[in-house]
Protein chains: 2
Amino acid sequence: MSGSTRSPTLADVAEAAGVSLSTASLSFSGNKPVSEATRARVLAAAARLGYAGPNPLARNLRQGRSGVVGIAVGPLSTAFRDPAALPMLDAVSEVLGAAGLGLLLMGDDHARLPLDAVIYDICGRETWAAYDDLAAREVPLVVVEGPDWPGTTFVDIDHRAGCAALAAHLHELGHRRVALLTLEPSHPQREREAGVRDVFPDAHVIGACASDLAAAQDLVAAYLATGPDVTAVVCQSDVQAAAVVIEARRLGLAVPDDLSVAGFDGVATPWLDVELTTVVQPLAAKGRAVADAVLRRIDGEDVDDVVLPVELRIGDSTGPAVEPA
Amino acid sequence: MSGSTRSPTLADVAEAAGVSLSTASLSFSGNKPVSEATRARVLAAAARLGYAGPNPLARNLRQGRSGVVGIAVGPLSTAFRDPAALPMLDAVSEVLGAAGLGLLLMGDDHARLPLDAVIYDICGRETWAAYDDLAAREVPLVVVEGPDWPGTTFVDIDHRAGCAALAAHLHELGHRRVALLTLEPSHPQREREAGVRDVFPDAHVIGACASDLAAAQDLVAAYLATGPDVTAVVCQSDVQAAAVVIEARRLGLAVPDDLSVAGFDGVATPWLDVELTTVVQPLAAKGRAVADAVLRRIDGEDVDDVVLPVELRIGDSTGPAVEPA
DNA sequence: CGTTTCGATCGAATCGATTCGATGCTAACG
DNA sequence: CGTTAGCATCGAATCGATTCGATCGAAACG
């Protein structure tokens, strides 16, 4: 049978089918019309030779595109532990997948891979070793929730307005002394804190941590143990808020009767038997906005920054303020 | 300044530096010695022209490798919601990243992307549209926990022994009537169930669902509402076990006093105030084994299948069997 | 019947590097 | 001083397709 020395190329197929290389190529790509008979002959020859279709590496070189979009999310277990990350990533993946593009998880290196565009989604990290290289290569860069590097398309949500609305809700309920559990310093963190301070300028900061339940629990347990003089805790994620609920209960504080707790994100927390009051961000829409921006930047368009609105959702974790006995 | 018509190529750099194309290439890749002076001249020329380094697409074609490994995990939000997926993925990503390889999330298509190898990690799905295409392209395939397709390297854990050990533990505690919450039919599911049945041949199957808390809660709530005659529930994941604990409590059943609950995986559940008795699988080691297999298959080696041992961890969620009052 | 048009096919250039084998030069050695 | 290594450099082939412009034939038209 056929020697297993080398896998067949399009040229082999063309020869076997008795057509030119260009016709064979056209038969596969369909970029120009080919008569049905010829096309059938080419495909038959391909099948006979065990040809699995045009080599993607060659096509990529010729077309100058790799079909791959990088996404930087930081260490995977950290990034995806945050339940807010997934619905967005799903939407990104769906839109890009429909466009035939693959999504590549980027570490800090990967400068040697051919990427058609890059999505930066590590809020909390404001410098990036790979940035200069990508800029030099003129790889389109879409940044989620900052930082707003030059040459970058920026997709964000209205952190400040959302937090301000949340704070206003607490104020209406009579709360005057609130504590704040924040994220590590970053664009979203600053905006969200500013939103809360629009209503409660003196809010006390408990501390900062990632959207990690265990880390938040540690921080909150220490704080609550001091018997702080507040009636509400505002968090910068639902996971943090869940930590507050869990630790408050552990100390015998009822939520919301003794303490109101608010989150951010609007993700599902089925393991918590309280529905959190929170700021719901449109995660899927954000993902689609990111993916759209990527597609348009790949097409060479200029794309404006995007800021998506958020929505206050009032749950069972906030209630009227009560003065400590 | 320089016309923005076309970005410079290695040939431009070579000419500007007054060396041959091959020498310029060698200056970047270091694949053969180049005198320090020449190298410096080439790099200087590159900097002057704004050359960002060799075009990865061209290198890929020449070398016949893309530097990208695909990983099929199913819908992202489903796959990564499972806490057992992340530590493994982290290990994979770390090892491959160190080898300069990128990790690409695969949907069902992506047949048109150049992949050096593919990892299949969707336990619960036993057919895959992309398989034939990958096989035709002779792309090395590493499969995690089945199915054991031909030409595939198979990395697994010893589900059956783990579950049997767990069941034996319950048997020792006096349990005789146990219920089983399973995953959707799949290789791991069958093995794990077999392990339990090695000890409890008559175990009653509550039902099957993914490692999804909400889904498991629904299933379990309905089951417990029937007042079943069992003293223990064995689950096929810790998330499922957590659902059982939560729902049992909701019905006023104490864990483990009224009901023993066991899981599988050994992942952290900080939002649960019980430490689950579970079968701990070596997630990071599994990830490293997968990545090693990938690297070796890319190098053309034959790689044997791998089965990793698991370990029983006894927590607070199992205790002596008590007969219902 | 001559001319135009249109679709199918082909030839050749091109994408941008890597790499093999050959060549030239210098230094070491007998 | 003649020869032999050995290192740096170079020229040319190669990876495997896509795509532009040209060509060829047949159908449509006047």
Side-chain angles (χ1 to χ4, degrees), chain A residues 5-43 45-46 49-67 100 111-116 136-138, chain B residues 5-43 45-46 49-67 100 111-116 136-138:
Chain A
T5 48
R6 192 176 56 86
S7 43
T9 71
L10 189 55
D12 299 328
V13 173
E15 189 183 349
V19 301
S20 74
L21 181 54
S22 30
T23 300
S25 174
L26 264 13
S27 304
F28 281 98
S29 69
N31 288 355
K32 269 191 180 183
V34 170
S35 79
E36 199 43 57
T38 307
R39 181 192 167 83
R41 208 144 35 88
V42 171
L43 296 183
L49 295 177
Y51 178 73
N55 181 327
L57 293 169
R59 183 207 347 253
N60 286 351
L61 171 60
R62 184 63 239 247
Q63 299 187 330
R65 316 182 313 100
S66 67
R112 304 170 61 84
L113 295 177
L115 300 174
D116 290 346
R137 291 197 135 73
E138 301 184 359
Chain B
T5 49
R6 193 177 55 87
S7 44
T9 71
L10 189 55
D12 300 327
V13 173
E15 188 182 350
V19 301
S20 74
L21 181 56
S22 31
T23 300
S25 175
L26 263 13
S27 304
F28 281 98
S29 69
N31 287 356
K32 270 191 178 183
V34 170
S35 79
E36 199 43 57
T38 307
R39 181 192 167 82
R41 207 145 36 88
V42 170
L43 295 183
L49 295 178
Y51 179 72
N55 181 327
L57 293 169
R59 181 201 357 248
N60 286 351
L61 171 60
R62 184 62 239 248
Q63 298 186 332
R65 315 182 315 99
S66 67
R112 304 169 63 84
L113 295 177
L115 300 174
D116 290 346
R137 291 198 134 73
E138 300 184 359

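To find a chain, count down the sequence lines: A is the first, B the second, and so on, and within it residues start at 1. Both backbone and side-chain heavy atoms feed into the values below; hydrogens, waters and symmetry mates do not.
- Put simply, chain B comes within 4.0 Å of DNA chain C, heavy atom to any atom, from C:dG16 to C:dG21, going 5' to 3'.
- For B:Ser27, there are no side chain to side chain donor-acceptor pair (under 3.5 Å) partners at least two apart in sequence or on another chain.
- Residue contacts shown for B:Ser29 are absent, as no nucleic acid heavy atom lies under 4.0 Å away.
- A heavy atom closer than 4.0 Å to some atom of DNA chain D occurs in A:Thr9, A:Leu10, these being the qualifying members of residues 8-20 of chain A.
- Under the 3.5 Å distance criterion, with hydrogens and angles disregarded, a donor-acceptor pair is assigned to the side chains of B:Ser66 and B:Asp116.
- Residues A:Ser25 and B:Pro33 each lie close to DNA chain D; by heavy-atom proximity, the contact nearer the 5' end of the strand is made by B:Pro33.
- Scanning for side chain to side chain contact (heavy atoms under 4.5 Å, CB included) contacts around A:Ala45 gives A:Val13, A:Ala16, A:Ala17, A:Arg48, with sequence neighbours left out.
- With sequence neighbours left out, the side chain to side chain donor-acceptor pair (under 3.5 Å) criterion links A:Asn55 to no other residue.
- Judged as a salt bridge (charged side-chain N to carboxylate O under 4.0 Å, His left out), not a single pair has a partner in residues 17-33 of chain B (not counting sequence neighbours).
- Take A:Arg112 and apply the salt bridge (Lys or Arg N to Asp or Glu O under 4.0 Å) test, not counting sequence neighbours, and it matches no residue.
- The side chain to side chain contact (heavy atoms under 4.5 Å, CB included) search around A:Arg137 returns A:Asp133, A:Val139, B:Ala52, B:Pro56, not counting sequence neighbours.
- Residues meeting the side chain to side chain contact (heavy atoms under 4.5 Å, CB included) test with A:Arg62, sequence neighbours left out: none.
- The side chain to side chain donor-acceptor pair (under 3.5 Å) pairs that include a residue from residues 13-25 of chain A are A:Ser20-A:Ser22, A:Ser20-A:Thr23, where partners are two or more places apart or lie in different chains.
- A:Glu138 is linked by a side chain to side chain contact (heavy atoms under 4.5 Å, CB included) to nothing, counting only residues two or more places apart in sequence or in another chain.
- At a non-hydrogen distance threshold of 4.0 Å, B:Leu61, B:Arg62 from residues 51-65 of chain B come into contact with DNA chain D.
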